[in-house]
Amino acid sequence: EEEEKEGEEEEEENKNEDENEDEDDRGVGATPRAKRLCGSEPLQNHRRTVRVLRAAVGEKYEAAVSNGDVAGLSRLTPLLGMLDMADAGVALYLRYSREALRKEMDEEPEASSSGEGWAEAVEEEAERMTARGEGEGLSRAAVRRRAEEALRRKRAGDATAAVPRRLARIYNAAVAHVRHHLPMVAYALGEAEGDVALVRVVHAEAERRACEIMRGYMRKRELGL
């Protein structure tokens with residue numbers, strides 16, 4: 001039984017080795033007869049070269065994704081399909097796209113009543129109210145409270161007026177990203193459905209942000225829908 005078990009394990013190992021060799025032999029462009037004629041040494045050298053090249057391209061591609069290097073992505077992405085790395089390339093390209101869309105679509109957060117510069121803004125508004133005579137007969141603290149309320153109303157109105165601009169920013173970023181990246185992804189990663197995955201990611205990122213903006217607008221306007 002032990003000999004039979006060892007034989008099965010050895011057969012499984014040989015099968016895995018053959019599968020790895022077949023995977024590395026892709027792209028050789030030679031028939032089985034030609035491979036037999038050339039011998040084992042050239043094939044072993046080819047497999048070794050393929051493994052080293054895949055590792056080097058994969059490392060550089062991950063670095064380009066992490067650094068947002070568009071030129072590096074443009075240079076390396078066409079190589080992925082040739083090296084049978086399209087599936088891994090799609091996952092990395094989508095990671096880059098999500099980060100790029102975040103930077104292109106998201107705006108700086110609005111200043112709040114606890115944010116930096118709020119106290120100075122309140123003081124300036126209080127001085128303007130005093131100069132206009134609106135603080136006559138009121139203590140300095142009362143004028144300051146009125147100035148805070150006025151600033152909050154003003155900022156709430158600015159945020160409401162900014163909704164169309166923020167939605168347009170998201171739409172423009174989505175269209176620009178698809179126009180710039182989809183042709184290359186379709187050409188280099190189309191066999192792994194990278195173009196479909198890219199469009200889905202752009203749509204999901206745009207939809208999520210647009211819905212968040214509209215929900216915030218509805219809460220501020222107390223629409224209750």
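As the structure is a computational prediction, the values presented were derived from the model and not from experiment.
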Return the [atom1] to [atom2] distance between [X] and [Y], rounded to the nearest 0.5 Å.
X	Y	atom1	atom2	value
Ile170	Arg165	CD1	CZ	11.0 Å
Arg166	Glu212	CZ	CD	9.0 Å
Leu80	Glu191	CG	CD	12.0 Å
Leu182	His177	CG	NE2	9.5 Å
Leu94	His181	CG	NE2	11.5 Å
Arg200	Glu207	CZ	CD	13.5 Å

Is there a side-chain contact between [X] and [Y] (heavy atoms, below 4.5 Å)?
X	Y	value
Glu62	Leu92	yes
Arg144	Glu123	yes
Leu167	Arg209	no
Leu198	Ser97	yes
His180	Val70	yes
Glu99	Ser66	no

For [X] against [Y], the heavy-atom pair lying closest together:
X	Y	value
Arg169	Lys103	NH2-O, 4.1 Å
Leu73	Ala64	CD2-CB, 4.0 Å
Pro78	Ala188	CA-CB, 3.7 Å
Val90	Ala197	CG1-CB, 4.2 Å
Val202	Ala174	CG1-CB, 3.6 Å
Ala126	Ala147	N-CB, 3.7 Å

For this session: Fit a plane to each ring of Tyr93 and Tyr61, take the angle between them on a 0 to 90° scale, and name the class: parallel (under 30°), tilted (30 to 60°) or perpendicular (over 60°).
Result: tilted
Exercise. Which other residues end up in the same hydrophobic cluster as Val175, if Ile, Leu, Val, Met, Phe, Trp and Tyr are linked when side-chain heavy atoms come under 4.5 Å apart?
Worked result: Tyr171
Problem set entry | Heavy atoms of other groups near Arg128 CZ, more than 12 under 6.0 Å | yes
For this session: Answer yes or no: are there more than 12 heavy-atom neighbours, outside Glu104 itself, under 6.0 Å from its atom CD?
Result: yes
Exercise. Asp69 side chain to Ala71 main-chain N or O, any donor-acceptor pair under 3.5 Å?
Worked result: yes
